[in-house]
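The basis for the numbers below is simple: all heavy atoms, side chains too, and nothing from hydrogens, waters or symmetry mates. Note that the structure is predicted; figures quoted are calculated from it, not measured.
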Amino acid sequence: MYAHGAHIPQPPHTSGKAYSGLRARIDPEQIPTPIEVAENDEEIWEGKPYMTLPGEHVPLSTTDYVSIDQGNSSPRFVRATAWHIPFSSELAEACQIPLAAIIQPFAELQPGEDEVPLVDCGDSGPARCEHCRAYVNPWCTWLSGGSRWRCNLCGHQTEVLPEYFSNLDPNQMRLDHLQRPELNKGTVDFAVSADYFAPHAPPRIAPSYYTPEPPSKPQSTRSPEPMRILFAIDVTRESVQCGMAHAACQAIKGVLFGGEMEDGGRMEPCFPERCKVGLLTFNTSVHFYDISTERDAASMLVVPDIEDEMFCPLQDGVFADPQASRNIIESLLDGIPARFEDEPTHLCAFGAAMRGCLAALARRGGQVVLFQSSMCSVGPGVSEARLDEIKLYDTDKEKQLFLPHDQMWMELGEEMAEEGIGVSMLVGTGQMTYVDFASIGVLSTLTGGDISLFPRFNPRRDSGPLRSQLSRTLSRETGYNCQARVRCSSGLRVRAHYGALYQRVPAELELGVLHADSAFGVALQHASRRAMDEREYAHLQCAVLYTTVDGRRRVRVLNVAFQVAALAGNVFRYADIDATVCFLAKEAMSSLSAHTLSNIRDGLTEKCSSILLAYRRNCAAATSPSQLILPEAFKLLPLYTLAIHKSRALRAHNVPADIRNFYAHRLLTMPVRTMLRHLYPRFMALHDLSDDIALPRQDGEASPTGLPLPSLMRDTFTGMHADGVYLIDNEELVVLWVGSSVSPQILFDLFGVESPHQIDPRITDLPHLNTLLSTQVRNILARRRAERHGSALRMRIARQNLDAVEIELSDMLVEDQNCGAMSYIDYLCFVHKQINHALTNNTSIEQVTSYGLRGTPW
């Protein structure tokens, strides 16, 4: 559309690491790039459904595909690092690929995919193996005329209950096979009876709250009911002055009742039906509100004694139907900012407030949605800003930066998880940007909740994304009072779990809430030295017991069958880089409190080099050691490993520990697709869009993938021009970069101005102009928002050499030398040197690094 000129020097960025020594001769234009790989995969699967039976290549997580469930769960729900499992521990050790799976039980389905079927088996419940307690699934076999079935996980034979009996056909299939979704679908929901109700939390010697209710009986359960949602609002001086308290009240009113917002935006009500709502505020004391329908106005009950056991001063009235109490709630939300407008102190009793939330939701479960601006500075769990954190890096004390200040936070998080309570945080900081995520983030990490951060909260800039995130939190598929368990077939076992979860016992996970945007990792290993039969399938089953938001108890069962491989070539051929990268990132985040950052980064490089070395030795041994050979499945592994190095949780740069802890939590919970796009952001040029891009087709026919979008660029400044406009998006932030020499016509078409100096860098959305370019760019942004299910990201304008936000864009360009790490081509040379050294000296990567090469940039 428009002409463009010369390339630019590297924009302002955080310093990187230089490469020293002789470089291998690698052509920068020939190195693998995610752009080309993703485009090729999209071409393969465009208009072609993915059949889930084992044996086929799986589409990439970034591809928009439609899967047809043939007895295996869709890769949206379960994505394994290797779709062909090594038949022995020796082969697994030789391949060096981590055996793992990333599980996202409530993943969103694509249009055109069948809904997850709901199966009601009556009072007897779903059929389960008597030995390992696995659920009946499509991979079980039927024996003795249908009176017994063999478990595909442990091989045990179980009697079929009379009400579940069916005769077999000549192929030994049940006659009602097609009428029973649990026998032909890999993903099903079972409606369950009282035997599966959530148990009461075990009694504690020193509980963190007091309740007048009598203690629950041992082994007793609680009946499921619609979820209770408690909004907790920080009303300290910090929160009121930065506008977070007012924005929170407006956002809550919007999700409850909808309507026009003060900034001109409009919200549609999205509060789940049948759910009850409660409100709590806190500063140096904790305030509960009676919003029952019997009252004309809400009454505030203050609990000033925050040091002792917290209690809820109301038996009834804390929670109410929002529609029945609409007038009371609306007047309360309108009055909260004014009531605390002259708040004299910045002290915050955050720990006591969370104990109050626990007291209000105990023995029922539910969700706490927290709006926070200050760190806990009074009462239980007091935090202090670490002024000397720079001195702690690369020492044994560095691990303290990722541990709570007070053990109280761990105990409170465990107690909330046991009670079936999830904590989601919307944090908008003011002038005091430190909120101690190492402490308060534990609550979300242990209960399965989310954390969203709006640094230096500005109502004009951040109110829209805050409302959007709150709407997504309440509208996505969510279960509470969750328990999950992953089972494997004979020969395999679960080694570890990684994610936002709590484990009271090693094999069982407890989550206060589990939602559609959350995933966890499961590490597998061979259970014995005995080889598996390559003629049989290996199996994995994940069962999640949960209560729906409308109060129904269900079990979601995910089943996956894998082929067993006796050759390393087949293991590498059907390996999955997306799941491998996601697992390595989650494993690294889980080890922050046990290892130093430098050791974690070096460990990631060793794992990357070990996988590539294993391929060279087992699949390409005839090639010269000096030749760079990358397996097709893992040719992007060095790039993604480097991207994990450059993430804010791990980068070798002066990133505040608070920010590191926030991003560590985000990476722990991210599903595969979101993580890949976060590690390698989508980067595109907007100044040279063709006239048919990002516009509906003129013939009126809908494209299979929606609007045609422009091709993406590699994440490097080398393709940028001073007269261009570029958009980059890392699933957390959108940056629109405007070059210093951009054409006045482009600026007029996009912003309605003629000079970069006339652009308002504080705008949060593009102006609605009646120009082709404006329509195209707004369509692209709308498409991105739709892909995130309506969740809007913060958008920033970065004018070349004018705005500090330019550093944010530059640090997202992971192929460049920045963020305390090497450039992509230098890192590829470094990994190649390690492999070459190991091949030449017939050693392992661990031995190579033990020679003093660990962490050395050659």
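- Here I306 contributes atom CD1 and R355 contributes atom CZ; the two are 10.0 Å apart, rounded to the nearest 0.5 Å.
- S374 and T236 share a donor-acceptor pair across their side chains, judged by distance under 3.5 Å alone.
- Counting heavy atoms from C-beta on, the side chains of L747 and Q758 never come closer than 4.5 Å.
- Atom CG of residue L256 and atom CD1 of residue I229 lie 9.0 Å apart, to the nearest 0.5 angstrom.
- A salt bridge is absent between E732 and R648: the closest approach of a Lys/Arg side-chain nitrogen to an acidic carboxylate oxygen does not fall below 4.0 angstrom.
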Point to revise | Verdict with supporting geometry, R682 and E731, salt bridge (charged side-chain N to carboxylate O under 4.0 Å, His left out) | key: CA-CA 9 Å; R682 289 178 287 180; E731 301 296 317; 3.1 Å; yes

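- With respect to the salt-bridge test (charged N to carboxylate O, under 4.0 angstrom), the residues R460 and D765 do not qualify.
- With contacts defined as side-chain heavy-atom distances shorter than 4.5 Å, the pair W737/I728 does not qualify.
- Judged purely by atom type and a 3.5 angstrom limit, Y480 has no side-chain atom pairing as donor or acceptor with the backbone of G422.
- Proximity of S373 to F457: side-chain heavy atoms (C-beta onward) are nowhere separated by under 4.5 Å.
- Put simply, the side chain of L733 reaches to within 4.5 Å of the side chain of M812, judged on heavy atoms.
- The minimum heavy-atom distance linking S740 with Q800 is given by the pair N-OE1, 2.8 Å.
- The minimum heavy-atom distance between Y502 and L446, with the atom names listed, is CB-O, 3.4 Å.
- Between C312 and F288 there is a side-chain heavy-atom pair separated by less than 4.5 Å.
- Look at D517 and R472 and you find a salt bridge, because one of the NZ, NE, NH1 or NH2 atoms lies within 4.0 Å of a carboxylate O, short of that distance.
- At distances below 3.5 Å, not a single donor-acceptor pair connects side-chain atoms of E477 with backbone N or O atoms of E108.
- Under the 3.5 Å distance criterion, with hydrogens and angles disregarded, a donor-acceptor pair is assigned to the side chains of T281 and Y289.
- Counting non-hydrogen atoms of other residues, nucleotides and ligands closer than 6.0 Å to CZ of R762 gives a total of 12 or fewer.
- The minimum heavy-atom distance linking S463 with P459 is given by the pair OG-O, 2.6 Å.
- To the nearest 0.5 angstrom, F662 atom CZ is 6.5 Å from S452 atom OG.
- Aromatic ring centroids of F350 and W409 lie under 6.0 Å apart.
- Annotation: the span from R228 atom CZ to K276 atom NZ amounts to 5.0 Å, rounded to 0.5 Å.
- Contact record, M227 with G366: CG-CA, 3.8 Å, taken as the closest heavy-atom pair.
- Around the CG atom of D760, the shell of radius 6.0 Å holds more than 12 heavy atoms that belong to other residues, nucleotides or ligands.
- S208 and E415 are linked by a side-chain donor-acceptor pair at a separation below 3.5 angstrom, with hydrogens and angles left out of the test.
- Within the 3.5 Å criterion, the main-chain N or O of I807 finds no donor-acceptor partner in the side chain of H13.
- Among residues at least two apart or in separate chains, salt bridge (charged side-chain N to carboxylate O under 4.0 Å, His left out) pairs with a member in residues 419-438 are R222-E419.
- Sorted by first then second residue, the side chain to side chain donor-acceptor pair (under 3.5 Å) pairs that include residues 655-665, not counting sequence neighbours, are Y393-R660, T445-H665.
- Note on R788 versus D729: salt bridge recorded, some NZ/NE/NH1/NH2 to OD/OE distance being below 4.0 Å.
- The nearest pair of heavy atoms linking V805 to A798 is C-CB, 4.0 Å.
- In this structure, CG in L333 is found 5.5 Å from CG in L279, a value given to the nearest 0.5 Å.
- Classified by interplanar angle (parallel below 30°, tilted 30° to 60°, perpendicular above 60°), the ring pair H287/F340 is parallel.
- Residues M416 and V423 approach most closely at CE-CG2, 3.6 Å, considering heavy atoms.
- Checked by atom type and distance alone, the side chain of D290 pairs as donor or acceptor with a backbone atom of S292 at under 3.5 Å.
- When only modelled atom types and interatomic distance are considered, H789 and S791 share no side-chain donor-acceptor pair under 3.5 Å.
- Counting only heavy atoms from C-beta outward, the side chains of F282 and L370 approach each other to under 4.5 Å.
- Put simply, CG on L412 and OH on Y209 are 11.0 Å apart, with the number rounded to the nearest 0.5 Å.
- A donor-acceptor contact shorter than 3.5 Å is absent between the side chain of S239 and the backbone of V235.
- Taking the charged nitrogens against the carboxylate oxygens, R651 and D811 do have a contact shorter than 4.0 Å, which makes a salt bridge.
- Although no hydrogens or angles enter the test, the distance criterion places no donor-acceptor pair under 3.5 Å between the side chain of S468 and the main chain of G464.
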